[in-house]
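In what follows, a single structure is set out as structure tokens and then discussed.
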Amino acid sequence: MAENKTKLNDGMYVIGGLFIAISVLMFASPNMPSMENDWVTLPLIGLPILGSLLLMGFASAVPAWRKESISETIKYASLGIALIVLIITTLMMTDILMNVHWANITFNQYMYEVEYNWINSIGAEWHVGIDGLSMPMVWLTALLVPITIITTWNEKKPWYYHPLLILMGGCLIGVFVSLDFFMFYVFWELTLVPMFFLILNWGGKERKYAAQKFFIYTFTASILMLLGIITLYLLQDPSTANASITGRTFDMHDMIQNAQEQVILGNIWLGPGVQKLLFVLFMAGFLVKLPVVPFHTWLPDAHVQAPTGGSMLLAGVMLKMGAYGMFRIPISMFPYALVEFQMPLMIIGMISLFYGAWVCLGQTNLKRMVAYSSVSHMGIILLGIASLQPLGFAGAIFMMFAHGLISPMLFGVAGAFKHHYHTLEIGSMRGMAKHSPWLAGNMMFSWMGSLGLPLLAGFVAEVAVLIALWFEFGWWVIIPGITLAITAAYYLWSMQRTIFEGGENTELPKSLGDEKPRDIALSENIGLISLAILIVIFGIFPFIFFEMMSGYSSELIKQMLMDDIMRRW
Amino acid sequence: MAAYDVLSIDGGLKLLPEIVLLAGILALFFITNLGDAKIRIPLTRLRIPALLGGNRFKWNSDPRIPGIVSVFTLIFAIGMLIQTLGDDCADIMKGFCSETTILTTTGKNPVHLLKLDSFSRLFELMFFLALLLVSAASLNRLQADSNPSNDDLEQLLDNRRQVDFYLLLLISGLGMTVVAMSMNLFVLFIGLELASLPIYVLVAFHKESKAGSEAGVKYFITGAISSAVGLYGMSLLYLWSGSLQLTVLEAAWASMDTPEALPLFGISLLLVGFGFKISSVPFHFVAPDAYSGASSPVAALLATASKTLGFIGLMRILMIVTLPETGETAVWMFAFGTLSVVTMTWGNLAALGSENPKRMLAYSSVAHAGYMMAALVAVAAWKSGSYTETNNNGLMAAELIIGAIIFHLFVLISFKIGAFMVISHLETEDDVTDMSSLHGLAKREPIIATSMFVFMLALAGVPPLAGFMSKFLMVTGIVQVASADVLVNNNVDLIPTILGMHWTFFLAIAIFINSAISLYYYLRIGVLMFFEESSTRLPLPKVSILRFVIFVCAIGTVFFGINSDWLVETVTNAASALFADS
């Protein structure tokens, strides 16, 4: 056992080093600020990230032959951390922690806002805050992480898998709460690393290719965004910050405020050319992340190869990073350019929406079909933005949220199907309802949700966006209408083939071999059904979030866009 | 500004770190040669110990002694550096230092030889740190047996090689510090050769493999030729101005109305010499051979300290001597800009296809040279524009850019050396000649593999690691000077805004495109380590000191990415010191 002994020492060495490194990092700055009343930094970001690093360090310290025995501990610890984050965000959302009326906060005002010095010499700060746009996203992330953990409870190598999921959640929350460009970009890129490992280690056959493609594709796009950040940074008055060597800061709040002041004065902040340039640079990063046609090709590959938990988080939250970024940066800062680029955005949205749905019709791979349906739904978000109506904006934000509930369920179902039937081919079997009623029920429900059945969450968002489109573009609304019909078609057709047909002589997929078809496990069922319940709740009572979203949207339009929209007419 | 004669006591005291290094070299020489030889005084029976010669004592025949002496010398030298900083600097942490000039007054006019300021001090610190990491990591490198039997010549020679290795390392360190301080091209050349000659030997030191000898010979021949060319350029400059002192050259260059052939030719020949050091295209061909032939610690030295030497030379020549007045275009701007793009692209494309991890790292180092050259071009662009904005701290855009280059050279010490140390660790098992050595490293050594992945991400420039900060600072500098004229103009539309950019703006875009390309081969290392199966599941041989060095490098990589405040201020101060005398 000499070999195992060395391994144990090695891991201890690392845990010790990690603690030393963290304490050095924390106390290196002489004036470490007090963290009182800070409900974001440590509870929402620090706890998941540090917790998962510690869990993984602990796991690597345990010799290989004993890893199985700690897997339960690590699973429950990960779930515990995820649940703590969920409880805190729920308290935030329901006004219990602080008396916040999310629907009434004004534009560019943030709750739970804190600011610490970080890298003074370039003007980067640790600046976090939550408003009506980020609250739903933060809550969604906090909700999806424990659900993903439960749904994929029995994944292999859980001692790295579950900590990676909560690491992912911490990084995603970091993106949604940051109000500083530097911090935003750091978290934006940081989310790639856990996802890269999730795909690489737990993915399908082509995972090597998919992981690299995913990383390189999205990294390249966000480099354009970085160029935009640098340009915007340099455009500030060089006497903004004294401690910074360039005299500038990365503060988003201040920049939005500058933009707002110029809007009130009736000027175009930074001038038309620069605003358009920055708009294009930022949108390039966000549109690839969203993704829209023709920059969507990374998405099907990543989804098909990713493990179930990976695609649940990828589709549920990571895609929303693109839409969130659009609202937070280009729309809030460059209203003139947004109005100028309204038609291109609308056209891209239409193409995405239609093309995604059209391609779905021809897919035989279940995950690929769901991935393309995501592309299609992301087109709806873009259409909502392009409508420039408060209702359209709110619909787009609600779509982010609703799709964040529905698509994890879609992928969870697809993953369960793959897990129990060893295939993802849609036409490979007939009559699943007979063998796996729970799986079939969940599958049907999630597909209904995705095609926009009334009383489910997706419907609310679609209706809101379509109404806004009607107001803005008139009969163009026919294209999304047709597309929704296509969506219904491919889902119903697949459902027909896979779940029901076959009668008494059901047909099992060849990949199953001699195995008997089984139904899904309890843990999978808990995760999927809780998602289903939430989809129903937010379909019947959308105002829980819709109020704060429409509050945010109307404030945004009133403060930033009214002049530009008026100017256009 | 204090000035001391080179032979005075005060002047000597300012050079304490170098004196420590010299003492270390002597100690290496003497301690390992102490023996029990005795001399009989003639006509008596009295025998007195002569100490040198004879059989060595038991305590100093331990082959690990040279390495330990070398490590302690370097630690002591760093201590002395901080000690002298304490005398000269208002704020040690931020490196606000007064300048000290060392000159000689034997001739008609005093000749400035060395200058000690924040710039040279910071580079000395970098060299010492790099050498310290390399020599610590080499402690287990050479096979050594502490109890060789007397008739085993091979073993005895192996033990002797230990001394040679560390002696060469320290001598080259002495040369490096001279380069960092030199104010005179002649002194700079001496320092450069003092640093280079031992490195030529070190590259060939890996004599067990044919590749080692081949690499040594190739590297030596190319290096010697490029030095000779540089020396010829220097002689032309001397012919033209009558002095090799940088300040004199600068004045002569500034007084020149139209470009003259002689100095231009001289400068371009000089650039050949430095171009070889930083392995820029077209002088990069020998770099992959040298890196893969040399042992990994030496290759790490080539990729960091040796490259830094070249950049000090470039900064001195391009930023002090040939930088024109504001509003004029530097003669080298366009050529250098093209060269930088070619260098980074060539390096990255070649790295994409290389199957040997050391060659891959060599090409990636070529690409990084290209990024830094692009930043140098931006300084020229800053001079050529009418852009003279200084912010409330009185800092110029050029200082930010040069600071970014120094930042990059500094943090390279953590992640470049770290990457080579991981390979060095793999070499304890078997020679690393292709990527298959990395296969499945994550299962065998999760910690080492994770560190390697961190180094790779840092090289690619992924936040929040140190490599991102340096690339970010460089691009910020480039964009700042390239877009200065057009972005303040409020009334133009999109297309005129883009067309109005200075062409150096596209250098920033080239850096970004290249980062995206490079990501492929850096990620590939990660994929190989975490995805491929290896033939064995056994961990690597346990070499604690090497693990410690890798771990220190990994912590440095993360630390300087997250908490780079101190380093940013230090490097900008160093950059202002560089510009202060021009």
Side-chain angles (χ1 to χ4, degrees), chain A residues 3 6-7 10-11 13-14 17 20-21 24-25 28-29 60 64 117-122 182 185-190 192-193 196-197 200-201 207-208 211-212 215-216 219-220 223-224 226-227 230-231 233-235 238-239 242 244-248 267-268 270-274 276-277 280, chain B residues 389 391-393 395 399-400 403 443 445-447 450 457 460 462-464 468-469 472-473 475-476 479-480 483 486-487 489-498 508-509 512-513 515-516 519-520 523-524 526-527 530-531 537-539 542 547 551 555 558-559 562-566 568-569 572:
Chain A
E3 173 206 334
T6 45
K7 286 219 118 180
D10 226 40
Y13 194 45
V14 168
I20 294 169
V24 165
L25 285 185
S29 54
S60 73
N117 292 332
W118 185 15
I119 308 179
N120 279 336
S121 48
I122 59 168
F182 193 83
Y185 187 75
V186 165
F187 278 112
W188 180 275
E189 295 293 6
L190 215 53
L192 296 182
V193 179
F196 175 76
F197 279 107
L200 192 63
N201 272 322
R207 55 184 190 249
K208 206 167 124 188
Q212 290 188 67
F215 201 115
I216 294 173
F219 185 79
T220 311
I223 278 176
L224 289 177
L226 178 63
L227 195 57
I230 289 175
T231 315
Y233 171 64
L234 291 171
L235 277 167
S239 57
N242 281 324
S244 153
I245 57 165
T246 55
R248 298 163 167 101
N267 298 335
I268 300 169
L270 304 174
V274 177
K276 282 183 186 171
L277 175 72
V280 170
Chain B
E389 178 221 49
N391 62 17
N392 51 347
N393 296 339
L395 272 167
E399 285 163 334
L400 179 68
K443 294 199 183 70
E445 292 281 355
I447 309 305
T450 313
L457 289 186
V462 175
F468 167 70
M469 269 307 286
F472 172 81
L473 289 172
V475 173
T476 308
V479 172
Q480 185 170 12
S483 59
V486 60
L487 289 187
N489 190 354
N490 268 346
N491 292 318
V492 287
D493 209 344
L494 177 61
I495 303 297
T497 307
I498 295 173
I509 294 181
F512 278 155
I513 294 173
S515 304
L519 197 59
Y520 175 76
L523 276 186
R524 188 162 158 247
V527 172
F530 288 92
F531 179 79
R537 295 295 289 268
L538 293 177
K542 195 163 175 65
R547 281 170 189 239
F551 200 51
I555 290 208
V558 178
F559 182 79
I562 298 177
N563 202 349
S564 49
D565 226 3
W566 166 76
V568 173
E569 283 183 27
T572 35

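Keep in mind it's a predicted model, so treat the numbers as computed, not measured. Numbers restart at 1 for each chain; the letters A, B, ... are given by sequence-line order, proteins then strands.
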Open item on the list: Tell me if the centroids of the rings in B:F468 and A:Y185 come within less than 6.0 Å of each other.
Closed with: yes
Task: Distance, nearest 0.5 Å, that separates CD1 of A:I122 from OG1 of B:T572 - done: 11.5 Å
TODO: Mind ranking A:L190, A:L227, A:V193 by heavy-atom pairs under 4.5 Å with chain B and telling me who comes out on top?
DONE: A:L227
TODO: For B:G526 and A:L200, work out which heavy atoms get closest and say how close.
DONE: O-CD2, 4.4 Å
Task: Side chain to side chain, B:F472 and A:I230, heavy atoms closer than 4.5 Å - done: yes
Open item on the list: Ignoring hydrogens, what is the shortest heavy-atom contact between B:V527 and A:K208? Give both atom names and the distance.
Closed with: CG1-CG, 3.0 Å
Open item on the list: Taking side chain as everything from C-beta outward and backbone as N, CA, C, O, which of these in A:N201 sits under 4.5 Å from a heavy atom of chain B? Side chain, backbone, both or neither.
Closed with: side chain
Task: Nearest non-hydrogen partners of B:P464 and A:V186, listed with the distance - done: CB-CG1, 3.6 Å
TODO: Would you name the heavy atoms of B:I447 and A:S60 that are closest together and state the gap between them?
DONE: CD1-OG, 3.7 Å
Open item on the list: Using every non-hydrogen atom in the two residues, find where B:Y520 and A:I216 come nearest and quote the distance to one decimal.
Closed with: CA-CD1, 3.6 Å
Task: Shortest non-hydrogen contact between B:M469 and A:I119, atoms and distance - done: SD-CD1, 4.4 Å
Task: Short side-chain to backbone donor-acceptor contact, A:W118 and B:D565, under 3.5 Å - done: no
Task: Part of B:I495 within contact of chain A (heavy atom distance under 4.5 Å) - done: neither
TODO: Please list, chain by chain and in numerical order, all residues satisfying side chain to side chain donor-acceptor pair (under 3.5 Å) with B:T476, sequence neighbours excluded.
DONE: none
Open item on the list: Which atoms of B:I513 are under 4.5 Å from chain A, going by heavy atoms: the side chain, the backbone, both sets, or neither?
Closed with: neither
Task: From OG1 (A:T231) to CD (B:Q480), nearest 0.5 Å - done: 11.0 Å
Task: Closest-packed option against chain A by number of heavy-atom pairs under 4.5 Å, given B:T450, B:L523, B:V568 - done: B:L523
